[in-house]
Trainee: 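Next up is a structure, given as structure tokens.
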Amino acid sequence: MRRNTKLVKYLLVFALLITLAVTPINQTVHAVSSVTNTIIDDFENYTSDDELKSAYGLWSSGGNAVDRSLNQEHANDGTNSMQIVPNEPLDSWAAISHNFPVSDWADSAGISFWIHNDADEPLEFNFDIKSKSKAFGQEGTFTASLKEDGSSSWEENSFESMLTVPEGFTGLIRIAWDQFTEKAWQCPQGCDNDLNLALVEGFEIGYNPQANSTNEIYVDSISLWKTSEGTVGESLAPEWATPSNSFDLTYRSAPIDNPLKGFLPFSDSVEWQTDYNQMPYSMEFFYIPLNDIMTNFNEYDWSKLESRINDIASRGNQAIFRVYLDYPQKQSGIPQFLLDLGLETKDYSYNSNGGPNGTSVAPNYNDERLNTALLQFIEALGDKYDGDPRIGFIQAGLIGFWGEWHTFPQDGWTSAGDWDGELAEHEDGHATDWMPNSANQAAIIQEFDDSFDETKILARYPAEYNRDLNIGYHDDSFAFQTLPASLGGEDWHFIGRLQDNQVMEKWKDEPIGGEMRPEIQIDMWNNDPPQYIGEPIEGAQGEDYYKSLALTHASWLKIQEVFQTPLEGDALERAQEGSRRLGYEYFVPNAYLNAANGQLQAAIEIQNTGVAPFYYDWEVEIAARDRNGNIKEWTTDWDISYVLPNDEETGVNNKALLEWSSNTSTLGEGSYDILIRVVNPLSEIYSNAKEFYFANEEQEENGWLRVGHIEI
């Protein structure tokens, strides 16, 4: 993955310290989110077990109930965690305490920490806070929230006297301050003292090693949560900011057709889509058969692919495409040289194949010659197009019907009695499996990851073999087969697959896209919230659009019908808002400018009010514009892709502060507007490339965001 949270944090803190000492040219500082800013201990500063034991004291009646050590096998976001292991003879209670100078935690909502219970039985323990020489912890019935790694949501649980972590649990625990009471043993006559968060002196983890003899415990990322630094309205102003050089900016929704997000049509429909022009867009999709490109082993004719990409780019849009071998109702996409070599193919009539547009065939995906050709093609595709500004995203494709990585019902398990029609091939009453074996599937996806370092690749299904790759996913039945069983869907739906493969958080690094099922693309906008409610499709109704969006964090969707069917009134407004809400939206609430001693300093606070990050490191420019409209531009090293959306559930606001400086020798005396913009690299080829717009009233149509002014 491209982001290591702890490493980024330390590098940024180091950069900030340098900035305080001397202001270099083009310096960048990323201010981290409130959760990162309130880390109490992430165990990265200890160089030995002895240092850790010095910081975390032990009390037990036997004197040596547990051992504390640094561990690198199980950690949350970096290198180290603290491992706690029982020692023989087992004691009835062990308390691991961490003391520090009196700290003020009054602006926080509670404590959060990561834990891994490496045992086949639950773990019971207490987490106590020390204040004014007293211990405050869990007594009687209390609540705490657990968030298992790979999950997108917290689950509130009720406990009695002690926290209970399920067997094999790995994830975060969060306890609000109102769940902490004075420990009863300190006040046998009754407790009436409240936890004083302004005088916190330490914390303590306590448990019974005898009752939890098999539990090895790993603790990491002990932190405060929902501090005032992360709430809306709080400032991340640089140290040099003053009221006179600070500028408040105003929010306004960003446009629907911001680059690399939103609804998009098929590129071959745009000539008649313009009749309605009801849905602005910035990308177009197309399929292309492999035999339009590959003519022999390691031999290619890129002209047809180039023509399709250039056609889209000429309209100022970026392309998304998928290469296929087998597309029902179309002519086969299998290269002729493979057929001439004897590649086995299978006929079928599924999905109305064999219609007037042609008959496709399914190849033997385990043929060594075919797999060699596919791996060669992917490598060549990466060599030619990785980082091409004309391309937004590429779907992995190549395998299965429509290049969609399935051959249903030829899946190896569908029973002839369960299929409404005749199976093309079956054995022992079950359909034979036409998909590649798992090794070949893994090799193809791995080659995509190896061949593309910049352009983002999306696979159809989350799977074990693509879990750890730099590969995103596309949900091609969005808002119809998206939600899991817990939300009214099925476990095999898209979210269920994300959960099963522990990739619910992958959207933070890799994009999620997809397509809305064609039958629901128009009628769903008649309802608020948008959801298809009509004649059942395969016995099912549609799903809530915004629930699907909140869980998937999708950036774009193919939804052809809204580009060819006129909508009116509320339905049109809902569809347009549905497109706008996809992906990123960056808002600059505050800016800071200073011109003194021959230096121009600029800083902006930036937050992502969308559902996903921007996945590319496009250049960010700063400019000074004089009263005559003359512009002097500089290129920063800012990267906005690291700014994640705010977490509405926890209240965490992932605002960042970006700083920059340069000398003013090229500027004469006078008044200047200071501008910033994110540059669409497609604009270097086509001047009509879609502009990147911030969600600000101060955003200008030329792409520049006016953040304030200076006098020199």
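Remember, predicted model here, so these are calculated numbers, not experimental data.
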Trainee: Roughly how far, to the nearest 0.5 Å, is CG of N117 from CZ of F169?
Mentor: 9.5 Å
Trainee: To the nearest 0.5 Å, tell me how far R497 CZ sits from E490 CD.
Mentor: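 Going from the CZ atom of R497 to the CD atom of E490 covers 12.0 Å.
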Trainee: How close do M524 and A479 get, counting heavy atoms only, and between which atoms?
Mentor: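 Closest approach of M524 to A479: CE-CB, 4.3 Å.
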Trainee: Please lay out, stage by stage, how F125 and I217 fare under the test side-chain contact (heavy atoms from CB on, under 4.5 Å).
Mentor: CA-CA 11 Å; F125 71 105; I217 309 166; over 6 Å; no
Trainee: Please tell me whether N208 and E124 have a donor and an acceptor in their side chains that are separated by less than 3.5 angstrom.
Mentor: no
Trainee: Could you walk me through whether D220 and D42 pass the side-chain contact (heavy atoms from CB on, under 4.5 Å) test, one step at a time?
Mentor: CA-CA 5 Å; D220 197 3; D42 55 13; 4.1 Å; yes
Trainee: Side chains of E585 and N608: do they bring a donor and an acceptor to under 3.5 Å?
Mentor: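 Result is no, nothing qualifies.
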Trainee: Before giving the answer on side-chain contact (heavy atoms from CB on, under 4.5 Å), spell out for F136 and E182 the whole-Å C-alpha distance, their side-chain angles and the decisive distance to 0.1 Å.
Mentor: CA-CA 4 Å; F136 296 78; E182 189 174 359; 3.8 Å; yes
Trainee: Under the criterion ring pair (Phe, Tyr, Trp, His ring centres under 6.0 Å), which of F263, Y473, Y545, F494 is the partner of F478?
Mentor: Y545
Trainee: Does S477 offer a backbone N or O that forms a donor-acceptor pair with the side chain of D475 under 3.5 Å?
Mentor: yes
Trainee: Taking the side chain as everything from C-beta on, heavy atoms only, tell me whether I175 gets closer than 4.5 Å to Q138.
Mentor: yes
Trainee: Any sub-3.5 Å donor-acceptor pair from D411's side-chain atoms to F408's backbone N or O?
Mentor: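 The answer is no, because no donor-acceptor pair under 3.5 Å joins these two groups.
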Trainee: Roughly how far, to the nearest 0.5 Å, is the OH atom of Y218 from the CG atom of N80?
Mentor: 13.0 Å
Trainee: Does the side chain of Q395 come within less than 4.5 Å of H474's, by heavy atoms?
Mentor: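 Yes, close enough: below the 4.5 Å cut-off.
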Trainee: Is I205 close to N126 at the side-chain level, that is, under 4.5 Å between some pair of heavy atoms?
Mentor: no
Trainee: Can a donor-acceptor pair be found, under 3.5 Å and without considering hydrogens, that links the side chain of N501 to the backbone of P462?
Mentor: yes
Trainee: Quickly, which of W507, Y616, F694, F614 forms a ring pair (Phe, Tyr, Trp, His ring centres under 6.0 Å) with Y584? Name it, please.
Mentor: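 Only match with Y584 under ring pair (Phe, Tyr, Trp, His ring centres under 6.0 Å): F614.
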Trainee: Any non-hydrogen side-chain atom of R517 less than 4.5 Å from a side-chain atom of Q481?
Mentor: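 The answer is yes; the side chains approach within 4.5 Å.
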Trainee: Within the distance-only criterion (no hydrogens, no angle test), does the side chain of Q83 pair as donor or acceptor with the backbone N or O of E216 below 3.5 angstrom?
Mentor: no
Trainee: Once you measure the plane-to-plane angle for W177 and F180, does it fall in the parallel (<30°), tilted (30-60°) or perpendicular (>60°) bin?
Mentor: tilted
Trainee: Side chains of L260 and F393: closer than 4.5 Å at any heavy-atom pair?
Mentor: yes
Trainee: Roughly how far apart are L146 CG and T164 OG1, rounded to 0.5 Å?
Mentor: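 That separation rounds to 9.5 Å.
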Trainee: Strictly by modelled atom types, are Q210 and S92 linked by a side-chain donor-acceptor pair under 3.5 Å?
Mentor: no
Trainee: Is R580 salt-bridged to E577, going by a charged N under 4.0 Å from an acidic O?
Mentor: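 Salt bridge flag = yes for E577 with R580.
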Trainee: Ignoring hydrogens, what is the shortest heavy-atom contact between A396 and A459? Give both atom names and the distance.
Mentor: CB-CA, 4.4 Å
Trainee: Taking the six-membered ring for Trp and the single ring otherwise, decide whether the centroids of F142 and F159 are under 6.0 Å apart.
Mentor: yes
Trainee: Work out which heavy atom in E160 is nearest to a heavy atom in T141; give both atom names and the distance.
Mentor: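 Closest approach of E160 to T141: OE1-OG1, 2.6 Å.
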Trainee: According to the interplanar angle, ranging from 0 to 90°, do the rings of Y56 and Y46 count as parallel (below 30°), tilted (30 to 60°) or perpendicular (above 60°)?
Mentor: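 Taking Y46 first and then Y56, their aromatic rings stand perpendicular (interplane angle over 60°).
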Trainee: Using a distance-only test with no angle check, is there a side-chain donor-acceptor pair under 3.5 angstrom linking Q607 and Y251?
Mentor: no
Trainee: Where do S112 and L172 come nearest, in terms of heavy atoms and distance?
Mentor: OG-CD2, 4.3 Å
Trainee: Decide if atom CG of D528 counts as having more than 12 heavy atoms of other residues, nucleotides or ligands within a radius under 6.0 Å.
Mentor: yes
Trainee: In Å and rounded to the nearest 0.5 Å, what is the CG to CG distance from D544 to L483?
Mentor: 7.5 Å
Trainee: Spell out, as yes or no, whether a donor-acceptor pair under 3.5 Å connects the side chain of N466 to the backbone of Y461.
Mentor: yes
Trainee: Is T170 reaching over with its side chain to a backbone N or O of D149, donor-acceptor style, under 3.5 angstrom?
Mentor: no
Trainee: Can you tell me if R574 uses its side chain to pair, donor with acceptor, with the backbone of W525 under 3.5 Å?
Mentor: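 Side chain of R574 to backbone of W525: a pair is present.
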Trainee: Measure from the ring center of F113 to the ring center of F127 and say whether it is less than 6.0 Å.
Mentor: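 Yes; F127 has its ring centre under 6.0 Å from that of F113.
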Trainee: So with a 6.0 Å cut-off around NZ of K53, is the heavy-atom count from everything else above 12?
Mentor: yes
Trainee: Can any side-chain N or O of K456 pair as donor or acceptor with the backbone N or O of E510 at less than 3.5 Å?
Mentor: no
Trainee: Using every non-hydrogen atom in the two residues, find where L551 and M504 come nearest and quote the distance to one decimal.
Mentor: O-CE, 4.1 Å
Trainee: Going by the side-chain contact (heavy atoms from CB on, under 4.5 Å) test, name the single residue among L557, T482, V611 that passes it with L549.
Mentor: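 Only match with L549 under side-chain contact (heavy atoms from CB on, under 4.5 Å): V611.
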Trainee: Taking Y465 for its side chain and Q441 for its backbone only, find out whether a donor-acceptor pair lies under 3.5 Å.
Mentor: no
Trainee: Once rounded to the nearest 0.5 Å, what's the spacing between atom NE2 of H74 and atom CG of N76?
Mentor: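 Taking NE2 in H74 and CG in N76, the distance rounds to 13.0 Å.
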Trainee: Without swapping roles, check the side chain of R68 against the backbone of I84 for a donor-acceptor pair under 3.5 Å.
Mentor: no
Trainee: Within a strict 4.5 Å, meaning less than it, do heavy atoms of the P613 and V643 side chains meet?
Mentor: no
Trainee: Less than 4.5 Å apart, any side-chain heavy atom of K558 and any of M516?
Mentor: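 No, side chains not in contact.
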Trainee: Counting neighbours of CD on Q541 that are heavy atoms of other residues, nucleotides or ligands and sit closer than 6.0 Å, is the number greater than 12?
Mentor: yes
Trainee: Should S145 and E156 count as side-chain neighbours, where that means a heavy-atom distance under 4.5 Å?
Mentor: yes
Trainee: Can you check side-chain contact (heavy atoms from CB on, under 4.5 Å) on L658 and I606, steps first, answer last?
Mentor: CA-CA 8 Å; L658 305 177; I606 185 171; 4.0 Å; yes
Trainee: What pair of heavy atoms forms the shortest contact from P645 to A612, and how long is it?
Mentor: CG-N, 3.3 Å
